[in-house]
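To keep things clear, I will list the structure first and then write my remarks on it.
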Amino acid sequence: MPGFWRYALPEEMQWTKLPAEHLATCDDCFWVAVGECHVECRCCTYFPQLPNFAVGLALKDPRCRARMLPLVQAGYVLPQGLLETPSLLLSAARAHADKLFGKVPELVCPFLDRSNQQCQIYPYRNSVCATFFCENDHGKAGEKSWEILQLFVGQLETILGQWAMEQVGLDSAAYIRRLDGLAGEVGSLAADGGWFEKVRRHLWAEWFGREVEFLERCADQLMAHRQQLFTIACNLPLREPLAYERALRQWIPEPARSEVPAVSDVAPTPLSALWYRVQLEYRRLWQLPFDEGPVRLADGVVITVNSGDDRRAVVCTGPWMVRSGEQRIFVPESERRALNLFESPQTVGEALLQTPEFKALDDPRAFLSWCLRRKILVEQ
């Protein structure tokens, strides 16, 4: 996880069990292997929005500064942090509309090192990058759990960025008003590069020309208050440039507009309430029907030898293939033996967990949860 999460998230997060996500292997990308993504892109055809303090932390890190500084100097960073320009958003929306996600090298993230496919600012990546997985071990349930975590941390990032802005001496409410004031000029704020200089002068105000100093000071504020960050964020409002965001979405032509999230008129969910939803989703993800009734293999599940003929077998090398509808999951011998027990209904309980088949598994409870969420096993 990004380094600042260690301090910004509630202490209880340390005991929250997150999915291991064995299916999303960036070093051996399945989507590249089967031709769904370009080898230089993978899923990194995304321009990340980074809060000001994350940009500052990267600038203060000698390993990341050389990649971040040119983007600041090229005008891609505003007081709130690294922000996608309208022209970049338009290009991304059109690619999504044309089903070209992961296939356009020109849209690759500026932090991706194409020589080794590694992120050059990995410790400071944002909530989207930290929670997106192309394949989820727990299927739709796992995807939903990551989505609510991303929403929670994304809101936390934004609030702390606005707080840091205030701490350094730039009025965040005034900045939002200036950005909203540009709503009628969305199409003329940037071209192929960063934000135009006149736009940056307007938005940075007295800090124009001292952007690096401002960003590093934001990072300093975060670290100086690192033990109180979640409490700070829970006591502050989330300010949104709604006029600018609505105008931006309206400026995107159809059908690409549908690829840009609609702007809601509903007040954001309080951060503390989002944290409760995060906890609830992860409890549901790992919940097992202990002693509640028989569990069996779902109808239509077939376990066969992995012959290597299936497209997913290009990178999924488990010797056994579990086929369920359109799902193709490749498992080792130990998991195949455990699944075979469910050819006849089984009660999930300590007796099952003490069988040789389940004692051979690294994490029997996680395996059961995975099978239930993927609909490989169902309650009878």
Side-chain angles (χ1 to χ4, degrees), residues 8 46-52 54 78-97 101 126-132 140 143-166 170-190 195 199 202-203 205 230-281:
Y46 161 70
F47 191 89
Q49 180 171 317
L50 293 176
N52 48 32
L78 300 178
Q80 70 186 80
L82 188 66
L83 183 64
E84 190 174 39
T85 65
S87 52
L88 283 171
L89 178 62
L90 175 59
S91 297
R94 282 175 168 164
H96 275 273
F101 177 73
N126 69 7
S127 58
V128 174
C129 295
T131 59
F132 174 77
K140 292 296 182 182
E143 184 178 342
K144 185 178 179 182
S145 67
W146 285 115
E147 285 176 353
I148 187 60
L149 182 60
Q150 191 280 312
L151 178 63
F152 168 66
V153 183
Q155 187 163 312
L156 178 63
E157 288 174 331
T158 302
I159 293 174
L160 288 177
Q162 293 172 357
W163 166 80
M165 196 186 302
E166 295 273 357
L170 196 157
D171 187 329
S172 63
Y175 165 73
I176 294 293
R177 288 195 296 271
R178 289 196 294 272
L179 186 55
D180 273 341
L182 298 175
E185 310 171 45
V186 167
S188 59
L189 302 179
W195 301 85
V199 176
H202 176 62
L203 295 175
F230 185 63
T231 301
I232 289 171
C234 283
N235 289 299
L236 292 174
L238 174 66
R239 295 189 172 99
E240 300 176 284
L242 297 178
Y244 169 78
E245 290 176 357
R246 289 192 183 98
L248 179 60
R249 187 175 189 277
Q250 190 62 32
W251 175 73
I252 302 290
E254 292 287 4
R257 186 181 304 157
S258 60
E259 301 298 327
V260 180
V263 181
S264 175
D265 292 321
V266 178
T269 303
L271 201 59
S272 57
L274 281 179
W275 170 234
Y276 174 76
R277 288 179 57 190
V278 169
Q279 294 175 295
L280 186 61
E281 285 302 326

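The basis for the numbers below is simple: all heavy atoms, side chains too, and nothing from hydrogens, waters or symmetry mates. Because the structure is predicted, anything quoted here is derived from the model rather than measured.
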In Å and rounded to the nearest 0.5 Å, what is the CG to OG1 distance from L151 to T131?
-> 10.0 Å
Once you round to the nearest 0.5 Å, how far does CD1 of I159 lie from CG of L271?
-> 5.0 Å
Give a yes or no on whether the backbone of T269 and the side-chain of Q155 come within a donor-acceptor separation of less than 3.5 Å.
-> yes
Can you tell which of W146, Y276, W275 makes a ring pair (Phe, Tyr, Trp, His ring centres under 6.0 Å) with F152?
-> W275
Closest heavy-atom contact between A93 and I252?
-> CB-CG2, 4.3 Å
Please confirm whether the backbone N or O of L50 pairs with a side-chain atom of E157, one donor and one acceptor, at under 3.5 Å?
-> no
Donor-acceptor pair, W251 side chain versus L90 backbone, under 3.5 Å?
-> no
Of all heavy-atom pairs between R178 and L203, which one has the smallest distance, and what is that distance?
-> NH2-O, 3.1 Å
For R239 against A173, the heavy-atom pair lying closest together = NE-CB, 3.7 Å
Whether S258 side chain and E254 backbone form a donor-acceptor pair below 3.5 Å = no
Working for side chain to side chain contact (heavy atoms under 4.5 Å, CB included), residues R246 and D265 = CA-CA 10 Å; R246 289 192 183 98; D265 292 321; 2.4 Å; yes
Any side-chain heavy atom of P48 within less than 4.5 Å of one from V128?
-> no
Tightest non-hydrogen contact, residues Q150 and S127, listed as NE2-OG, 3.1 Å
Roughly how far, to the nearest 0.5 Å, is the CZ atom of F47 from the CG atom of L89?
-> 11.5 Å
In short, G161 meets N52 closest at the heavy-atom pair O-ND2, 3.0 Å
To the nearest 0.5 angstrom, please state how far the CD atom of E240 sits from the CG atom of D180.
-> 10.5 Å
Partner of S172 under side-chain hydrogen bond (donor to acceptor under 3.5 Å, both in side chains), picked from Q80, R177, E166, is E166
Taking all non-hydrogen atoms of both residues, which atom of S264 and which atom of L242 are closest, and how far apart?
-> O-CD2, 4.5 Å
Between CG on residue L83 and OH on residue Y244, distance to nearest 0.5 Å | 5.5 Å
Can you list the steps and then say if L182 with W195 is a side chain to side chain contact (heavy atoms under 4.5 Å, CB included)?
-> CA-CA 12 Å; L182 298 175; W195 301 85; over 6 Å; no
Enter the distance from D171:CG to Q162:CD here, rounded to the nearest 0.5 Å.
-> 11.0 Å
Can you check whether V260's main-chain N or O pairs, donor with acceptor, with R249's side chain at less than 3.5 Å?
-> yes
